[in-house]
Amino acid sequence: MKRRVYEALQKHIDHPIVLEKPKDKNFGHYATPIAFSLAKVLRRNPMQIAEELAEKLREEEMFEKVDALKGYVNIKLSQNFLNDYATWALEHEEAFGKGDNGQSVLLEFVSANPTGPLHIGHARGAVWGDVLARIGTHVGCRIEREYYVNDAGNQIYLLGLSVYLAGREAVLGLDVEWPEEYYRGEYILDLAREAVEALGQEMFMDEGFIPEIAEWAKERMLELINRNLADVGIFFDHYVSEKSLYEKWDEILTKLAEAGAVYEKDGKWWLKSTEHGDEKDRVVVREDGRPTYLAGDIIYHYLKFERGYDHYINIWGADHHGYIARVKAAIAFFGYDPQKLEIILSQMVSLLKGGEPYKMSKRAGNFILMQDIVQEIGADALRFIFLTKKSDTHLEFDIEDLKKEDNSNPIYYINYAHARVFSLFEKAGKEQKDVVRVSLNGLGEDAYDLLFTALILPEVLEDAFESRQLQKVTDYLKYLAGLYHKFYYDNRVIGTPYEEKLLKLSAMVALSLRVGLKMLGITAMKKM
RNA sequence: GCACCCGUAGCUCAGCUGGAUAGAGCGUUGGCCUCCGGAGCCAAAGGUCAGAGGUUCGAAUCCUCUCGGGUGCGCCA
């Protein structure tokens, strides 16, 4: 809809146009301060320019009214235009809001180490990535979801060691000496019990079996992580194993050397990441010849770019922000455009419980599990908490509040509006198809406000996706639901001369709420 | 010390590609059910947009500095 307006304006203006929604709805549906920027170029009075422009735009059929006010050009869409659009939307439910962006995007998210269950911080990135993918797909991108599995290195050995020791101590009752660093937490005990059962006691008699135990435990953890994700409706198209990448390392190192990207010093190989804006060069091969973690990431991103997507998005925890420069540097050395890699940082989540800060630490084992929160407040509420906040800001919430908040949760507010519409149709003994072609002519201003708000869903989705600000969708849904609740309160529907018109309007609102909720991974309720 | 994120109502947060009178939810106070779902609606109180400069027709929004909070600065992953 916005695009149609934009195109209409373009016919008359040869200048970048900013189109916005006026704060005061009396000003119309759209407004542009274009006259101010044109005034600078043309060196003329903005009021005058606005007036001339308004004059030209009045010829467009889709506009009912075009005003010039204090330099702004305010535009009001015609009722016929809005009505026809609503009819189209209701007849093409699946297509409403669908775009044709066409970009192919590889979205990497979660990528939590397979050494434990997902905690609440992971959940934020997981939900964000999932919804970004849902909306992106709806607006027409071809988005593939990928999980990078860090299944190599010391941490996996540590996992094995932890299970091995827990098995000896808690299951077999042997004396053990705990090292300084190991994984704690109940899940390690569970794993140990299972492992003794599945692998046999003899595996716990000799440290030499630790790598085998580690491998087994890692697989179990991946299964667990996937179950955690599935419980909130999150899935992946690809899993890439870090371990499997290293066989390509020699080849990649050669490529880097040919590009002049690496050098040898102190018996180690360094990436010249400072050449591309990093603060220092980074070791990629240790003295003993083993590649570092960065090497794995270099291979991974090289292969990503080889796969030829238009754009790449990684959602990382904010604690990895220092890592961006070196990965981008490597990409640049391969001759690819590092701009195509976009890193979205998901900031910390702090939890309170009854006002007390909850320290989250994987090693300490007292972190809050995503599955526990899901069990307490439900997947939908968990999704909503994260989606009402932008990703790059710290988020703090109290578990106790969330528990008691299930009644005042905005999801209920939105769903209630949706359910009310279905209740109306039921009471009226009608179905949507009975009213889609009804003309809305004759309805009042508030009805058209509501209709217009329902119809802007596509541009809200597009804007939210393009700006990576998913909270715009939740804001919109709350606003639309609020408008409908008020409208419902002010207007009687059934038994009035406007019954069919108002049912159509209600159906349109419900459609936008439903599609919007679907984008958030939440199913709209017809009854509550 | 350097880098990144943040500082907006009592609390949790929107608004930030500069635009018209700074918003929501919760909390507080007071109204609205003989009537389609009161899980709703209406109203009130509550703000030096951390502070100071700058840029310009115009700044919560952009720039600089200061103060305050968080995170990162491994050849761990």
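Letters A, B, ... are given to chains in the order of the sequence lines, protein chains preceding strands, and every chain is numbered from 1.
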- Any strand: nucleotide that pairs with B:C76 via Watson-Crick or wobble, under 3.5 Å: none
- Assigned partner base of B:A3, Watson-Crick or wobble definition, under 3.5 Å: B:U71
- Message: Categorize A:Ala152 for me: base, sugar-phosphate, or nothing, with a 4.0 angstrom heavy-atom threshold over every strand shown.
- Response: sugar-phosphate
- Measuring from A:Leu245:CG to A:Glu247:CD, what's the distance to the nearest 0.5 Å? 8.5 Å
- Message: Can you measure A:Arg492 atom CZ to B:C41 atom C1' for me and round it to whole angstrom units?
- Response: 16 Å
- Answer with yes or no whether the side chains of A:Asp463 and A:Tyr476 bring together a donor and an acceptor at under 3.5 Å. no
- Message: What is the separation between atom NZ on A:Lys527 and atom P on B:G37, rounded to the nearest whole Å?
- Response: 11 Å
- May I have the distance from A:Gln155 (atom CD) to B:C76 (atom C1'), rounded to whole angstrom? 8 Å
- Task: Would you check if there is a donor-acceptor pair between the side chains of A:Asn228 and A:His122 at a distance under 3.5 Å?
- Result: no
- Item | Distance, rounded to the nearest Å, where A:Leu477 contributes CG and B:A24 contributes P | 18 Å
- Message: Taking only the C1' atom of each, what is the distance from B:A59 to B:U17 in whole angstrom?
- Response: 14 Å
- What interatomic distance, in whole Å, is found between P of B:C11 and the corresponding atom of B:A50? 14 Å
- Message: Only pairs with both distances under 3.5 Å count, Watson-Crick or wobble alike; so what is the partner of B:U64 in this structure?
- Response: B:A52
- Message: What is the separation between atom CG on A:Asn150 and atom C1' on B:C76, rounded to the nearest whole Å?
- Response: 11 Å
- Item | A:Thr388 side-chain N/O to B:C13 phosphate OP1/OP2 under 4.0 Å | no
- Tell me: CD1 of A:Ile414 to P of B:G25, nearest whole Å? 12 Å
- Item | side-chain N/O A:Gln471 vs B:G15 OP1/OP2, d < 4.0 Å | yes
- Query: Does A:Arg420 place a side-chain N or O at less than 4.0 Å from the phosphate oxygens OP1/OP2 of B:G38?
  - Reply: yes
- Message: Need one value for A:Glu426: base, sugar-phosphate or nothing, where a base atom within 4.0 Å counts as base even if backbone is also close, heavy atoms only.
- Response: nothing
- Message: Is there a side-chain contact between A:Lys280 and the phosphate of B:G74, meaning an N or O under 4.0 Å from OP1 or OP2?
- Response: yes
- Item | Torsion-based syn/anti label for B:C33, 90° from 0 as limit | syn
- Item | Under-4.0 Å salt bridge between A:Asp288 and A:Arg290 | yes
- With distance as the sole criterion, do the side chain of A:Asn74 and the base of B:A20 form a donor-acceptor contact below 3.5 Å? yes
- Task: Report the base-pairing partner of B:C57 (Watson-Crick or G-U wobble, both distances below 3.5 angstrom), or none.
- Result: B:G19
Scan nucleotides 3-5 of chain B against the protein and return all N/O pairs shorter than 3.5 Å with their distances rounded to 0.1 Å.
residue : atom : partner  : partner atom : Å
B:C5    : O2'  : A:Gln347 : NE2          : 3.3
B:C5    : O2'  : A:Asp392 : O            : 2.6
B:C5    : O2   : A:His394 : NE2          : 3.4

- Query: What is the ring orientation for A:Phe109 with A:Phe236, classed by angle as parallel under 30°, tilted 30 to 60°, or perpendicular over 60°?
  - Reply: tilted
- Item | Sequence-distant partners of A:Thr523, side chain to side chain contact (heavy atoms under 4.5 Å, CB included), two or more places apart | none
- Message: Students often get this wrong, so: under 4.0 angstrom with heavy atoms, is A:Asn491 touching a base, only sugar-phosphate, or nothing?
- Response: base
- Message: Can you tell me if A:Tyr300 touches the phosphate of B:A77, counting only side-chain N or O atoms and a distance under 4.0 Å to OP1 or OP2?
- Response: no
- Message: Rounding to an integer number of angstrom, what distance separates B:A22 and B:C5 when you compare their P atoms?
- Response: 28 Å
- Note on the structure: Answer for the Watson-Crick or wobble partner of B:A14, both distances under 3.5 Å, is none
- Query: Which distance, rounded to the nearest 0.5 Å, do you find between the CG of A:Leu451 and the CG of A:Leu77?
  - Reply: 10.0 Å
- Counter-base of B:G40, judged by Watson-Crick or G-U geometry with both distances under 3.5 Å: B:C32
- Query: What integer distance in Å separates A:Asn154:CG from B:A77:P?
  - Reply: 7 Å
- Query: Going from CG on A:Leu470 to CH2 on A:Trp128, what distance comes out if it is rounded to the nearest 0.5 angstrom?
  - Reply: 3.5 Å
- Message: Going by purine N1 to pyrimidine N3 plus the second Watson-Crick contact, or the G-U wobble pair, all under 3.5 Å, which nucleotide sits opposite B:A45?
- Response: none
- When rounded to the nearest 0.5 angstrom, what is the spacing between OH in A:Tyr300 and CD in A:Glu108? 4.0 Å
- Phosphate contact (B:C76 OP1 or OP2) by A:Arg286 side-chain N/O below 4.0 Å: yes
- Query: Rounding to a whole Å, what distance do you find between A:Asp151:CG and B:A77:P?
  - Reply: 12 Å
